[in-house]
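The structure appears right after this line, and notes come after that.
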There are 2 protein chains.
Amino acid sequence: MNRTASIKDVANHASVAVGTVSNVLNYPDRVSQRTKERVLRAIDELGFVRNDAARQLRAGHSRTIGLIVLDVGNPFFTSVVRAAEDAAALQGSAVLLGDSGHDAGREANYIDLFQEQRVQGLLISPVGDVTERLDLLRERGVPTVLVDRLADESKFSSVAVDDDAGGYLAARHLLDTGRRRLAFVGGPTSIRQVADRLQGAERAVKEEPDATLEVLDSAGQTVLAGRSVGDMLVERGRAELPDGIFCANDLLALGVMQSLTMTHTFRIPEDVALIGYDDIDFAVSAVVPLSSIRQPTELLGRTAIELLSEEVESRNPVHRAVVFTPELVVRQSTATPGEG
Amino acid sequence: MNRTASIKDVANHASVAVGTVSNVLNYPDRVSQRTKERVLRAIDELGFVRNDAARQLRAGHSRTIGLIVLDVGNPFFTSVVRAAEDAAALQGSAVLLGDSGHDAGREANYIDLFQEQRVQGLLISPVGDVTERLDLLRERGVPTVLVDRLADESKFSSVAVDDDAGGYLAARHLLDTGRRRLAFVGGPTSIRQVADRLQGAERAVKEEPDATLEVLDSAGQTVLAGRSVGDMLVERGRAELPDGIFCANDLLALGVMQSLTMTHTFRIPEDVALIGYDDIDFAVSAVVPLSSIRQPTELLGRTAIELLSEEVESRNPVHRAVVFTPELVVRQSTATPGEG
DNA sequence: TCGTACCAATGAAACGATTCAAAACTTCGG
DNA sequence: CCGAAGTTTTGAATCGTTTCATTGGTACGA
């Protein structure tokens, strides 16, 4: 048991030619029943396992797709990854997963690694601006699809979710349930997602002449940041409290909820309605189940793979930018006051 | 720009032999300065990227390590993965990540895939019992290290965390802060982790003659399951309430906390102390910051890689089972009543 | 019996990098 | 100018698979 068996060993053991063994593996119909059985027995007895490196060397390309995400721990990406893996498996490819952790250096390492592996193509949620490294990929003809990032269609295909539409959806929902004094809670607007969600909310508020939107800047996108905003609101007193709060993500919303419910001065949703964004697992099991905006992550992952396949198959590069619309998930935290 | 450049193209372009190009890449010292520069320029001009398949075919093995986890979304594994990747990178290997999602079929697919890729070795957190497939790997001489699972040392190396010690640590902490009527909240004890944590807690309680431990079975390991247990406790009334609760994981603890704090009948930690397990991100930002037991995930990942390296390098397979002791993280939810 | 199809099996060539024995070139002392 | 010793460069052989033109067999009708 020194070395793993090769196709040649199998051929000898079954007394056939190497080409025949290869045919058994790749084109079973071309081989007679008798021979096939002999070969399969030999494979079994020797514990033969295909050497993918040799296969891929001959084929000129691998059957793997590279996927680089900003943070595997983030449920959004976890879900996208899972969907991409499943979609890839259906078409016989495997996904190599890389986690850049928002670090351009790690991202670069993975890009290089995947190039050496001769991946069929690359799905990437890039760190910061689209780097020159991605342009290099393009020149080298490595099909690439940007994930969760709009792209110049002359250069790349991309899949993304319309954050402006999500913001509109959230604010519109608050307005539809009778709230008029809205507040937006969100981290630095330098983050594109935050800015887009705010912009969508503003658009909805402009549709109602008597509605107002107050912007409450939060220090970050965490539960604790949400709690400080909440504490600040509690101190204001009832008269100046907004009656509908839209948070740029669920963590912020959970923090705000903690503040408001702890003091027992305000009730959700009777005094204030609260809606978040992302629909993380915790949203449904919050003290007051949290309404949220759900992003179609499975669709995102699946579509990314499909766009990539298109690029791989067609010679001439026709890029497409696909944008999905998020979905409103209504729970108790924004129930209509009348209905409790 | 039809085909990616090969080492032969580079050699022609720089007017040297293929061996020289290879030397520039692998043993730069063997090559004269002048030649090296010419070759590097050619590499740059042609956009040459090493073909890993060819390299690996010649070398007989890859520079990658397979890692199969039960759930990439679980923060415990996410952290282990990150640590393993970093440790592998240090020794010049890359990690191929597979997510079995607790599904034996997906696990089997990844094992097969990684075998075809000729990974140097495999880290796996196996689904259910150690399968015959792993025994096959062993026979084929693929070094394998089990993660988060104790293994028969005659067969595999393994890294795991001592759940019994963790349970002891949690209960001992409750006892040390003066609590005597303890309760354990945990899902079906058929789950090994749950059973071990309970056993450790029982061990601690036996050390105090006047202490008792009540076992409250929960329907699962979720926030909602925790909340039903909490609701049940609230109904009991103060006299029969335990004064220290140890939950088999943080989600359960957060659920219990929601119930107890919502009614405002009981205060944490004054009336009841509460401690969880895993120290997830949410623990620190709970309404009452949650004490918990932290598992040394980074250490787990790093050590797994080290054990694997040992197996890869040494001829004769000497397996080791490494068990780590978890760590107590004290927060407000178990503060000593006196200190409030 | 021969010729024509058809089907199965064969095995050399190719993929691209690394290795290593041999060849080619330098340098330097005599 | 020669030979020895050292340094660089060369290029054929190799890894394991797939491909495909070629060969070997079999069946069947004429």
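Residue numbers begin at 1 in each chain, while the letters A, B, ... track the order of the sequences.
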- Task: Could you go through the salt bridge (charged side-chain N to carboxylate O under 4.0 Å, His left out) check for B:R302 and B:D86 one step at a time?
- Result: CA-CA 8 Å; B:R302 185 153 22 102; B:D86 290 343; over 6 Å; no
- Query: Considering all heavy atoms of both residues, which atom of B:V145 and which atom of B:V159 are nearest to each other, and what is their separation?
  - Reply: CG1-N, 4.5 Å
- Item | d(CD1, B:I7; P, D:dA13) in whole Å | 18 Å
- Query: At under 4.0 Å between heavy atoms, what does B:V16 touch on the DNA or RNA strands: base, sugar-phosphate, or nothing?
  - Reply: sugar-phosphate
- Mind running side-chain hydrogen bond (donor to acceptor under 3.5 Å, both in side chains) on A:R140 and A:Q115 for me, showing each step along the way? CA-CA 10 Å; A:R140 302 233 172 99; A:Q115 265 195 95; 3.0 Å; yes
- Note on the structure: Here the distance between atom C1' of C:dT19 and atom NZ of B:K8, to the nearest Å, is 16 Å
- Rounded to whole Å, CG of A:D29 lies from C1' of C:dC7 at a distance of 13 Å
- Message: Without decimals, in angstroms, what is the distance between B:Q117 CD and D:dC15 P?
- Response: 22 Å
- Item | Main-chain N/O of B:N109 paired with B:D112 side-chain donor or acceptor, under 3.5 Å | no
- Taking atom P of D:dT18 as reference, at what distance in whole Å does atom CZ of A:R30 sit? 12 Å
- Item | Distance below 4.0 Å between B:Y27 side-chain N/O and C:dT19 OP1 or OP2 | yes
- Given salt bridge (charged side-chain N to carboxylate O under 4.0 Å, His left out), test B:D135 with B:R138 step by step and report yes or no. CA-CA 5 Å; B:D135 269 334; B:R138 222 161 48 81; 3.3 Å; yes
- Query: Would you call A:E310-A:R320 a salt bridge at under 4.0 Å N-O?
  - Reply: yes
- Message: Please classify the nucleic acid contact of B:S22 as base, sugar-phosphate, or nothing, using heavy-atom distances under 4.0 Å.
- Response: base
- Query: Should A:S32 be listed as having a side-chain N or O under 4.0 Å from OP1 or OP2 of C:dA9?
  - Reply: yes
- Side-chain N or O of A:T20 less than 4.0 angstrom from OP1 or OP2 on C:dA9? no
- Base versus backbone protein contacts along nucleotides 21-26 of chain D [heavy-atom cut-off under 4.0 Å; B, S, -]: ------
- Within the structure shown, what part of the strands sits under 4.0 Å from A:V21 by heavy-atom distance: base, sugar-phosphate, or nothing? nothing
- Message: Quick check on contacts: within residues 47-64 of chain B, what sits under 4.0 Å from DNA chain D by heavy-atom distance?
- Response: B:L57, B:R58
- Donor-acceptor pair, side chain of B:Q56 and main chain of B:Q117, under 3.5 angstrom: yes
- Task: For residues B:K36 and B:P28, determine if any side-chain heavy atom of one lies less than 4.5 Å from a side-chain heavy atom of the other.
- Result: yes
- Query: Do we see a donor-acceptor contact under 3.5 Å between the side chains of A:E311 and A:S157?
  - Reply: yes
- Query: At what angle, to 10 degrees, do the two end axes of the helix from C:dT1-D:dA30 to C:dG30-D:dC1 meet, given five pairs define each axis?
  - Reply: 60°
- Query: Out of curiosity, B:N26 CG to B:R55 CZ, how far, rounded to the nearest 0.5 Å?
  - Reply: 6.0 Å
- Round to a whole Å and report the spacing from CG of B:N23 to P of C:dT19. 9 Å
- Message: Hydrogens and angles aside, do B:Q91 and B:S309 bring a side-chain donor and acceptor to less than 3.5 Å of each other?
- Response: yes
- Task: Starting at atom CG of A:L25, determine the distance to atom P of D:dG16, rounded to an integer number of angstrom.
- Result: 15 Å
- In this structure, CZ of B:F77 is separated from CD1 of B:I68 (nearest 0.5 Å) by 12.0 Å
- Expressed in angstrom and rounded to an integer, what is the separation of B:R38 atom CZ from D:dT8 atom P? 15 Å
